[in-house]
Amino acid sequence: MANNDLHLANPAEGYIKTSGHPIQGLPRTVRHITTHDSEGKSVFLSTDVGDHHKELVNKSALANIIYSTHEHPVNLNDEVDVAYAHKNEVLNFCLCVFKSAIFELTCTQKPGITVKGGTVCRLIDFAPGHVSPLHRVRSIDYCVVIEGSFRMVLDSGEERTMHRGDVAVQRSTCHRWINVTGNGHLPGRVLFVLQDIQDLEIAGKKVDGDLGELGRDYVGLPGYGGGKNDNKFDSEV
């Protein structure tokens, strides 16, 4: 399909690939990445729907990594950032030999929840009435409601209701998201931009990330406070 024809396609085609998936009704997100041609003019490098779609919390949320970086300032020369972002989105594969036959199996999903020294731009679709586990990520997050309405509840009991276009700056606090779109009967979507942070101390104590039940989807991967790979770059795992 030509890039210019993407807007004519079925919005769900190529996005939610599992039939009967609980998150239905949201438009497909198309990603456009730019670059420069040999004459220095600005051009589009690619137009697609992303390479990474990960189900979370028993299929009640679907994450799509739009882009990620692993250094600051970001090196844009020779498309090295594009190569890293692609590598950080795709699945890990391993080869299994059984009775002289070679099979390619999906072993693990590579992307962690954050990238040490870098950023992750992640779009998450939430099922109707979704209530996320109480969790804390070692990052500062810019959270933008794209579709629907959400309650952001902190562990202190304080909360705010956010509507389409509202923005939260999440400074590594313990929180949960509740999708209240259509009184909890419709799906919703939030864009998260996560940036790595220095060690955080509160009242003289170091604060670590704690993903709660969400950790089941990220255990052992970079950015998970309880994982062995927490302090490694995604490219090292």
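Hydrogens, waters and symmetry mates are skipped; everything else that's a heavy atom, side chains included, is used.
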### Message
How long is the straight-line distance from NZ of Lys54 back to CG of Asn64, given to the nearest 0.5 Å?
### Response
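Rounded to the nearest 0.5 Å, the CG-NZ separation comes to 13.0 Å.
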### Gap between atom CG of Leu154 and atom SG of Cys174 - 0.5 Å precision
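So the gap between those two atoms works out to 8.5 Å.
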Please identify each residue that fulfils side-chain contact (heavy atoms from CB on, under 4.5 Å) with [X], with sequence neighbours left out.
X      : answer
Glu39  : Asp37, Lys41
His72  : none
Cys121 : Ile66, Leu191, Val193

Within the 4.5 Å heavy-atom criterion, are [X] and [Y] side-chain neighbours or not?
X      : Y      : result
Asp199 : Arg138 : yes
Thr114 : Lys116 : no
Ile124 : Leu62  : no
Arg164 : Ser149 : no
Thr47  : Val30  : yes
Phe192 : Val137 : no
His175 : His135 : yes

Side chains of [X] and [Y]: do they bring a donor and an acceptor to under 3.5 Å?
X      : Y      : result
Gln195 : Tyr142 : yes
Thr181 : Asn179 : yes
Thr69  : Thr119 : yes
Ser46  : Arg31  : no

Over all atoms of both residues, closest heavy-atom pair of [X] and [Y]:
X      : Y      : answer
Thr29  : Arg189 : OG1-NH1, 3.2 Å
Thr161 : Asp166 : O-OD2, 4.2 Å
Met162 : Cys143 : CE-O, 3.9 Å
Gly188 : Leu26  : O-CD1, 3.7 Å
Pro128 : Pro187 : CG-N, 3.7 Å

Single-linkage hydrophobic cluster [X]~[Y], side-chain heavy atoms < 4.5 angstrom:
X      : Y      : result
Leu123 : Val167 : yes
Ile197 : Val169 : yes
Val57  : Phe126 : yes

### Task
Check the pair Trp177 / Met152 against side-chain contact (heavy atoms from CB on, under 4.5 Å), numbers first and verdict last.
CA-CA 5 Å; Trp177 295 94; Met152 183 177 66; 3.7 Å; yes
### Message
side-chain contact (heavy atoms from CB on, under 4.5 Å) for Glu147 and Asp125? Distances and angles first, verdict last.
### Response
CA-CA 9 Å; Glu147 298 284 352; Asp125 292 350; over 6 Å; no
### Message
As a quick check of understanding, evaluate side-chain contact (heavy atoms from CB on, under 4.5 Å) for Ile140 and Ser172, giving each step before the final call.
### Response
CA-CA 6 Å; Ile140 181 170; Ser172 196; over 6 Å; no
### Query
Apart from Val180 itself, what residues make up its hydrophobic cluster, given side-chain heavy atom links below 4.5 Å?
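The other cluster members (ILVMFWY side chains, heavy atoms under 4.5 Å, direct or chained) are Val131, Val153, Ile178.
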### Query
For Val74, which fellow cluster members are found when Ile, Leu, Val, Met, Phe, Trp and Tyr are connected by side-chain heavy-atom distances below 4.5 angstrom, either directly or through intermediates?
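Leu76, all in the cluster of Val74.
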Strictly distance-based, threshold 3.5 Å: is any side-chain N or O of [X] a donor or acceptor partner for the main-chain N or O of [Y]?
X      : Y      : result
Ser68  : Val120 : no
Asp196 : Gly117 : yes
Arg176 : Asp155 : no
Arg136 : Asp210 : no

### Non-neighbouring partners of Asn77 that pass side-chain hydrogen bond (donor to acceptor under 3.5 Å, both in side chains), sequence neighbours left out
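Asn77: side-chain hydrogen bond (donor to acceptor under 3.5 Å, both in side chains) contacts with Asn75.
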### Task
Please report the C-alpha distance between Ser139 and Asp141 in whole Å, then the side-chain angles of each, then the deciding distance to 0.1 Å, and finally whether the side-chain hydrogen bond (donor to acceptor under 3.5 Å, both in side chains) criterion is met.
CA-CA 6 Å; Ser139 60; Asp141 311 336; 2.6 Å; yes
### Query
With a 4.0 Å cut-off, would you call Lys206 and Glu201 a salt bridge?
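Answer for the salt bridge query: no.
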